[in-house]
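Presented below is the structure to which this report refers.
For the numbers below, each heavy atom of this structure counts, side chains included, while hydrogens, waters and symmetry mates do not.
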Amino acid sequence: MKYNRILVWFRNDLRLRDNETLSRAIQQGIEVIPVYCFDPRMFGKTELGFPKTGSIRAKFLLESVADLRQSFRRLGGDLAILQGKPEEAVIELAKKVEAKAIFFSKEVTFEERNVDKSLEKAAFSNGIACESFWQSTLYHLDDLPFPAKQTPEVFTQFRKEVEKQSKIRLTFPEPTQINYPSKALSSVASELPNLKTYGLEEPKQDVKSWLEMKGGETSALGRLRSYFWEKDLLKVYKETRNGLIGMDYSSKFSPWLALGCISPRTIYEEVKKYERERKKNDSTYWLIFELIWRDYFRFIAKKHGDKIFDIQGIRSQKDSWRRDKAQFQRWVEGLTGVPFVDANMRELKATGFMSNRGRQNVASYLVNDLGIDWTWGASYFESQLIDYDVCSNWGNWMYVGGVGNDPGENRYFNILRQANNYDKKGDFVRLWIPELQAIKGFDIHQPWELSTSQLRALKIQLGHTYPQPQVKIPKLEKAY
């Protein structure tokens with residue numbers, strides 16, 4: 001069907017390349033108006049007092065939207081920028097410019113789907129058509145070998161079935177032009193908000209931070225080129241992916257994937273190209289394997305709905321979580337007295353990023369060692385993570401909390417064993433906990449094992465220069 005004028009409402013699909021919503025609109029619309037709406041609800045305060053979207057994550061979003069606007073301007077178009085509830089602001093714009101249809105990407109989680117339903121209802125009552133497209137995953141929803149409601153609960157089963165029976169669709173090409181009705185938009189204010197608009201401060205660049213990330217499709221494609229081709233790092237991804245320091249131990253695609261600045265299929269096609277032209281090995285497969293994990297959490301969220309946010313999780317499992325705000329706050333600030341946990345939490349606060357290894361350890365510590373409500377941890381990660389992805393974040397936290405998809409029951413991480421495996425010399429802790437820098441080697445991970453006189457010689461006083469541990473954690477030799 002052909003429409004005179006279509007609004008393309010962008011959400012977590014902030015890209016031109018491999019964007020089905022945009023491609024279909026250009027095919028079906030005589031004129032196309034791209035629009036992004038900043039929803040104030042995404043910047044409100046949580047019950048625990050921190051913003052739902054913190055400053056580092058918000059800055060990355062603003063950069064991504066600005067980059068998308070630049071891309072449209074290069075095509076002779078523009079991006080209309082609105083502020084307000086999308087179900088109201090997008091409809092108002094559609095009425096104002098007499099758009100006949102609104103195209104947008106499908107989301108799966110509770111808050112987003114409520115917005116969709118309200119928007120579709122308002123559009124219908126104004127005689128405006130709505131079309132939505134599934135485009136956040138590597139494997140398309142319609143190509144799964146089972147209905148979404150029957151998604152296997154165990155990842156390995158899910159992976160084997162999709163790998164065997166499903167095909168990955170080809171990407172949509174980047175549009176080369178767009179028919180944008182500038183005159184119709186002349187009275188629409190399209191100023192980008194800034195962090196102050198939402199009561200957030202400009203994040204300070206931490207001198208210890210190695211993170212080089214700017215929001216937007218341009219940066220995402222630049223990272224893809226750099227990681228695969230210029231630095232040739234894909235061939236060792238599996239060996240390096242559990243690193244802790246630096247930009248290049250892992251692909252770092254996740255922040256751009258989270259906002260849809262790059263699609264998983266674009267990455268997949270580039271992996272296949274790399275395999276043809278350079279090398280095919282366990283590492284090239286492992287990157288695709290990680291993209292399948294991302295799919296899995298999205299389909300699990302679709303299957304279980306808002307249960308993934310429920311303290312009882314998808315297992316409806318009762319538990320007696322503690323809600324000790326003082327202990328939780330020490331975890332947030334990186335003052336638990338366990339150096340490996342604290343170093344990771346300080347990195348998150350300073351950069352908005354934490355390694356996969358770090359995430360598993362700090363989550364296990366909060367849930368298993370402190371016994372604190374896992375949803376608090378998930379909510380804090382939502383605020384802070386530059387690569388926050390609603391399905392992966394809550395899915396992973398449920399898993400650690402023992403109320404998600406885990407056939408292995410208790411997911412306990414022995415912190416010292418992990419530290420010994422991944423930060424044996426203590427360099428990562430030394431980077432983020434300067435007050436312990438003087439301790440040599442692995443001892444930095446367990447300062448409480450040193451005598452008072454040894455610590456005094458290093459000008460360290462536990463409980464003063466660095467906290468005593470909140471709780472006792474298992475010793476290294478008892479690790480399993």
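By the side-chain contact (heavy atoms from CB on, under 4.5 Å) test, Glu230 pairs with Arg225, Ser226, sequence neighbours left out. Taking Glu277 as the reference, Trp229, Lys273 meet the side-chain contact (heavy atoms from CB on, under 4.5 Å) condition, with sequence neighbours excluded. Partners of Lys231 by salt bridge (charged side-chain N to carboxylate O under 4.0 Å, His left out), not counting sequence neighbours, listed by chain and number: Asp248. Annotation: side-chain contact (heavy atoms from CB on, under 4.5 Å) contacts of Gln135 (sequence neighbours excluded): Asp13, Arg15, Asn19, Glu20, Thr21, Ser105. The salt bridge (charged side-chain N to carboxylate O under 4.0 Å, His left out) search around Glu290 returns Arg241, not counting sequence neighbours. Residues that satisfy the salt bridge (charged side-chain N to carboxylate O under 4.0 Å, His left out) test with Arg69, not counting sequence neighbours, are absent from this structure. For Asn356, there are no side chain to side chain donor-acceptor pair (under 3.5 Å) partners two or more places apart in sequence or in a different chain. Scanning for salt bridge (charged side-chain N to carboxylate O under 4.0 Å, His left out) contacts around Glu92 gives Lys95, with sequence neighbours left out.
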Stepwise side-chain contact (heavy atoms from CB on, under 4.5 Å) check, Leu195 with Phe43:
CA-CA 10 Å; Leu195 293 172; Phe43 299 90; over 6 Å; no

Hey, mind stepping through Trp256 and Phe253 against ring-ring contact (aromatic ring centres under 6.0 Å, His included) and telling me if it holds?
CA-CA 6 Å; Trp256 293 291; Phe253 295 143; 7.3 Å; no

Which is it for Phe72 and Phe10 under the ring-ring contact (aromatic ring centres under 6.0 Å, His included) test, yes or no, and what are the steps along the way?
CA-CA 12 Å; Phe72 277 120; Phe10 280 83; 5.6 Å; yes

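Pairing each heavy atom of Cys391 with each of Thr109, the nearest pair is SG-CG2, 4.1 Å. Summarising the geometry of Leu141 relative to Ala148, their closest heavy-atom pair is CD1-CB, 3.8 Å, with the distance given to 0.1 Å. Taking each heavy atom of Gly358 and Asn344 in turn, the nearest pair found is CA-OD1, 3.3 Å. Residues Cys130 and Leu119 approach most closely at SG-CD2, 4.0 Å, considering heavy atoms.
Atoms CG and CG, from Asp389 and Asn12 in turn, are 8.0 Å apart once rounded to the nearest 0.5 Å. Note that the NZ atom of Lys160 and the CZ atom of Phe155 stand 10.5 Å from one another [nearest 0.5 Å]. Rounding to the nearest 0.5 Å gives a distance of 8.5 Å between OG of Ser254 and CG of Leu385. With rounding to the nearest 0.5 Å, the separation of CZ in Phe289 from OH in Tyr237 is 9.5 Å. How far CD1 of Ile6 is from CG of Asn179: 11.5 Å, rounded to the nearest 0.5 Å. The distance from the OH atom of Tyr3 to the CD atom of Gln27 is 13.0 Å, given to the nearest 0.5 Å.
The ring pair (Phe, Tyr, Trp, His ring centres under 6.0 Å) pairs that include a residue from residues 169-197 number zero, where partners must be two or more places apart or lie in different chains. Evaluation of the side chain to side chain donor-acceptor pair (under 3.5 Å) test over residues 114-127, restricted to residues two or more places apart or in two chains, returns Arg11-Asp116. Sorted by first and then second residue, the salt bridge (charged side-chain N to carboxylate O under 4.0 Å, His left out) pairs with a member in residues 357-366 read Arg359-Asp387; sequence neighbours excluded.
A ring pair (Phe, Tyr, Trp, His ring centres under 6.0 Å) with Tyr380 is found for one member of Tyr388, Trp374, Phe50 and no other, namely Phe50. Under the side chain to side chain contact (heavy atoms under 4.5 Å, CB included) rule, Thr375 has a single partner from Trp397, Phe309, Trp394, which is Trp394. Results of the side chain to side chain contact (heavy atoms under 4.5 Å, CB included) test with His140 over Thr137, Asp142, Leu144 single out Asp142 as the only residue that passes.
For Gln83 and Tyr198, the side-chain atoms include at least one donor-acceptor pair closer than 3.5 Å. Defined by atom type and a distance below 3.5 Å, a donor-acceptor pair is present between the side-chain atoms of Asp67 and Thr218.
Using cut-offs of 30° and 60° for the angle between ring planes, the Phe328 and Trp376 rings count as perpendicular.
Residues Ile26 and Val8 are not in side-chain contact: their nearest non-hydrogen atoms beyond the backbone lie 4.5 Å or more apart. Two residues are said to be in side-chain contact when any heavy atoms from C-beta on lie closer than 4.5 Å; Phe340 and Leu244 meet this criterion. Looking only at side-chain heavy atoms (C-beta outward), Lys235 and Asn281 come within less than 4.5 Å of each other. Residues Lys325 and Leu48 meet the side-chain proximity criterion, which asks for heavy atoms closer than 4.5 Å. In this structure the side chain of Ser251 never reaches within 4.5 angstrom of the side chain of Phe228, judged on heavy atoms. In this structure the side chain of Ile81 reaches within 4.5 angstrom of the side chain of Pro193, judged on heavy atoms. No side-chain heavy atom of Leu7 sits under 4.5 Å from any side-chain heavy atom of Trp9. For the pair Pro145/Val162, a side-chain contact is recorded, criterion being any heavy-atom separation below 4.5 Å from C-beta on.
Judged by distance alone, the side chain of Ser383 and the main-chain N or O of Pro51 form a donor-acceptor pair under 3.5 Å. For Asp423 (side chain) and Phe428 (main-chain N/O), a donor-acceptor pair under 3.5 Å exists by modelled atom type. Between the side chain of Lys238 and the main chain of Asp282, no donor-acceptor pair closer than 3.5 Å is present. A donor-acceptor contact shorter than 3.5 Å links the side chain of Asp295 to the backbone of Leu138. Listed for the Gln418 side chain is no donor-acceptor partner under 3.5 Å among the backbone atoms of Asn361. Although no hydrogens or angles enter the test, the distance criterion places no donor-acceptor pair under 3.5 Å between the side chain of Thr46 and the main chain of Lys52.
Between Arg298 and Glu107 there is a salt bridge, since at least one side-chain N of the basic residue sits less than 4.0 Å from a carboxylate O of the acidic one. Using a 4.0 Å cut-off between charged side-chain N and carboxylate O, Lys307 and Asp310 make no salt bridge.
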Distance-only check: which donor-acceptor pairs under 3.5 Å involve side-chain atoms of residues 28-42, not counting sequence neighbours?
{"from": "Gln28", "atom 1": "NE2", "to": "Met1", "atom 2": "O", "distance (Å)": "3.2"}
{"from": "Glu31", "atom 1": "OE1", "to": "Arg5", "atom 2": "NE", "distance (Å)": "2.8"}
{"from": "Glu31", "atom 1": "OE1", "to": "Arg5", "atom 2": "NH2", "distance (Å)": "2.8"}
{"from": "Asp39", "atom 1": "OD1", "to": "Arg41", "atom 2": "N", "distance (Å)": "3.0"}
{"from": "Asp39", "atom 1": "OD1", "to": "Arg41", "atom 2": "NE", "distance (Å)": "2.9"}
{"from": "Asp39", "atom 1": "OD2", "to": "Arg41", "atom 2": "NE", "distance (Å)": "3.1"}
{"from": "Asp39", "atom 1": "OD2", "to": "Arg41", "atom 2": "NH2", "distance (Å)": "2.8"}
{"from": "Arg41", "atom 1": "NH1", "to": "Glu87", "atom 2": "OE2", "distance (Å)": "2.9"}
{"from": "Arg41", "atom 1": "NH2", "to": "Glu87", "atom 2": "OE1", "distance (Å)": "2.9"}
{"from": "Arg41", "atom 1": "NH2", "to": "Glu87", "atom 2": "OE2", "distance (Å)": "3.3"}

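Cation-pi geometry between Lys252 and Tyr249 is met: under 6.0 angstrom from the ring centre, within 45 degrees of the axis.
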